[in-house]
Amino acid sequence: MRILFMGTPDFAEVSLRAIYNAGYDIIGVVTNQDKPKGRGMKLVASPVKEFATQNSIPIYQPLKIRNNTDFIEEVKRLNPDVICVVAYGKILPKELLEIPKLGCINVHGSLLPKYRGAAPIQWAVLNGDKKTGITTMYMDEGMDTGDMILKQEVEIGDDETTGELWNKLSIIGGELLTKTLEKIEDGTAPRIKQTGEFSLAPMLDKSIAKIDWKNMTAKEIKNLVRGLNPIMGAYSYLNDKKIKFWKVQNIKLEDFCYDKNLKLEELKRMENGIVVISNEKEGLYIKCIEGIIKVLEIQGENSKRMNICDFLRGNKINTKSKFE
RNA sequence: CGCGGGGUAGAGCAGUUGGCAGCUCGUCGGGCUCAUAACCCGAAGGUCGGUAGUUCGAGUCUAUCCCCCGCAA
């Protein structure tokens, strides 16, 4: 089988590696353009491109695909049996989808039809879901609306971050893609229509990263923190300084009062976002709706991530100060 | 030439107009306590990123090099 692979980030690289190691004939790799990245804005190749370079697979990096007749012609000339798309980053037009005889298949990081769109993994964590998974499907013109082929569930841990889940799913994605190709090759791949309710997982907007102490419960804040780790980091302001939280715990008000010997009524009356306890021995505790947030890992302005005790040694946070 | 912050004890930081190198924690030794991430006493630990310069005198001012980090993508 002649396979054309389209993908860009590390998540896609894992899938490419899996089918490469499984012995499939990869006739080319399509990946996004090198982008200026990091300090100094140097051009950096995508992980998929790196892998292709190392293994001498031909690389294509079209600026755009829609209305790019040169590229479409090139793909026709390549004559792929299947195109595998994993987190490529561009929407594919119908004329491209119709080229491979056996179809275009996609690896998606959710249990479709839940979380169609660009950020399924992030949203699963942000919403505090207990499980998610990987779905492979035949692509059509819609946004992740094609017929499903294989599906595998994965549990999400209470403290699992998007980054951890991302890695886990990328590996499963590679395995499932390999299985899917096997089934396509021997003609046993099913075509399962997506039925029932669907939901969308749009690309994350920067504005969601700010913690809203007035309206979010402690549990929601915790989910926000782990959902945005390590992509953006949930942040808040303290004395006009931006502070990011990377790891927090969520403690019930009752348990907290019992532990610290405080009066529940007094605690309930405090404003949300107020620092209840802050010292380098016990750590940092913040009053929230329906709970206390205990900060474990934090990052100050222009600083790196560090555990809360180290942070408080050099950066004093006063009790009763308020996160905005 | 994208924008910005920084390099001082093992860790996190302070250090004013140039004038004895400090704080908190940790480590080591001792004490106290039924008990502790408790408390008390004591000690060790530094080429202040490198080099050159200004100066009676540089962590601090100037030049230059190296390294680290954040934003942004």
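In what follows, every chain begins at residue 1, and chains take the letters A, B, ... in the order their sequences are listed. Not measured: the values here are computed from a predicted model.
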Notebook entry, point to check: With rounding to whole Å, what would you report as the distance between A9(B) and G46(B) at their C1' atoms?
Noted result: 6 Å
Next item on the list: Mind calculating the distance between CE (Met306(A)) and P (G6(B)) to the nearest angstrom?
Entry: 14 Å
Next item on the list: Quote, to the nearest angstrom, the P distance that separates U62(B) from G6(B).
Entry: 14 Å
Note to self: When both hydrogen-bonding distances must be under 3.5 Å and the geometry is Watson-Crick or G-U wobble, what is G4(B) paired with, if anything?
What the structure shows: C69(B)
Item checked: Results of ring-ring contact (aromatic ring centres under 6.0 Å, His included) for Phe51(A) - residues two or more places apart only -> Tyr20(A)
Which atoms of nucleotides 68-71 of chain B (N or O only) lie under 3.5 Å from a protein N or O atom, and what are those distances?
| unit_1 | atom_1 | unit_2 | atom_2 | d |
| --- | --- | --- | --- | --- |
| C69(B) | N4 | Arg39(A) | NE | 3.1 |
| C71(B) | OP1 | Lys244(A) | NZ | 2.5 |

Notebook entry, point to check: Rounded to the nearest 0.5 Å, what separation is found between the OG atom of Ser46(A) and the NZ atom of Lys37(A)?
Noted result: 8.5 Å
Next item on the list: Once you apply the 3.5 Å cut-off to both distances, tell me the Watson-Crick or G-U wobble partner of A37(B), or none.
Entry: none
Next item on the list: Would you indicate what Lys206(A) reaches in the nucleic acid, counting non-hydrogen atoms under 4.0 angstrom: base, sugar-phosphate, or nothing?
Entry: sugar-phosphate
Item checked: Integer angstrom distance from the C1' of G19(B) to that of G57(B) -> 7 Å
Note to self: Nearest whole Å is fine: how far is A73(B) P from Met203(A) CE?
What the structure shows: 12 Å
Checklist line | Atom-pair distance (NZ on Lys241(A); C1' on G4(B)), nearest Å | finding: 15 Å
Margin query: Using atom P in both nucleotides, what's the gap between U8(B) and G49(B) to the nearest angstrom?
Written below: 6 Å
Item checked: Partner set under ring-ring contact (aromatic ring centres under 6.0 Å, His included) for Tyr235(A), not counting sequence neighbours -> Tyr237(A)
Next item on the list: Scan nucleotides 23-28 of chain B nucleotide by nucleotide, 5' to 3', and note B when protein non-hydrogen atoms come under 4.0 Å of the base, S if they reach only the sugar-phosphate, - if neither.
Entry: -BS---
Check: When the C1' atoms of C23(B) and A14(B) are considered, how many whole Å apart are they?
Finding: 7 Å
Check: Taking the same atom, C1', in C25(B) and in C61(B), what whole-Å distance lies between them?
Finding: 33 Å
Notebook entry, point to check: In the strands shown, is G42(B) matched to any nucleotide by a Watson-Crick or G-U wobble pair with both distances under 3.5 Å, and which?
Noted result: C28(B)
Checklist line | Residue that, paired with Glu160(A), satisfies salt bridge (charged side-chain N to carboxylate O under 4.0 Å, His left out) out of Lys168(A), Lys130(A), Lys222(A) | finding: Lys168(A)
Notebook entry, point to check: For Met148(A), which of Thr195(A), Thr136(A), Leu112(A) qualifies under side chain to side chain contact (heavy atoms under 4.5 Å, CB included)?
Noted result: Leu112(A)
Notebook entry, point to check: Quick one: salt bridge (charged side-chain N to carboxylate O under 4.0 Å, His left out) partners of Glu254(A), sequence neighbours excluded?
Noted result: none
Notebook entry, point to check: With a 4.0 Å cut-off, would you call Lys247(A) and Asp159(A) a salt bridge?
Noted result: no
Next item on the list: Kindly compute the distance separating OG1 (Thr132(A)) from CH2 (Trp123(A)), expressed to the nearest 0.5 Å.
Entry: 14.0 Å
Notebook entry, point to check: Who is the Watson-Crick or G-U wobble partner of C20(B), with both distances under 3.5 Å?
Noted result: none
Notebook entry, point to check: Distance between the P atoms of C66(B) and G42(B), in whole angstroms?
Noted result: 47 Å
Checklist line | Protein-nucleotide distance (Asn315(A), atom CG; G5(B), atom C1'), rounded to Å | finding: 13 Å
Checklist line | Pair partner, G59(B) [Watson-Crick or wobble, under 3.5 Å] | finding: none
Note to self: Suppose the criterion is ring pair (Phe, Tyr, Trp, His ring centres under 6.0 Å): which pairs have a residue in residues 277-322 of chain A, not counting sequence neighbours?
What the structure shows: Phe256(A)-Tyr285(A)
Margin query: Run the salt bridge (charged side-chain N to carboxylate O under 4.0 Å, His left out) test on Lys241(A) and Glu301(A) for me, step by step, so that the C-alpha distance in whole Å, both residues' side-chain angles and the decisive distance to 0.1 Å come before the verdict.
Written below: CA-CA 7 Å; Lys241(A) 283 187 181 159; Glu301(A) 259 179 6; 5.9 Å; no
Item checked: Same-atom distance (C1') from C40(B) to A21(B), integer angstrom -> 27 Å
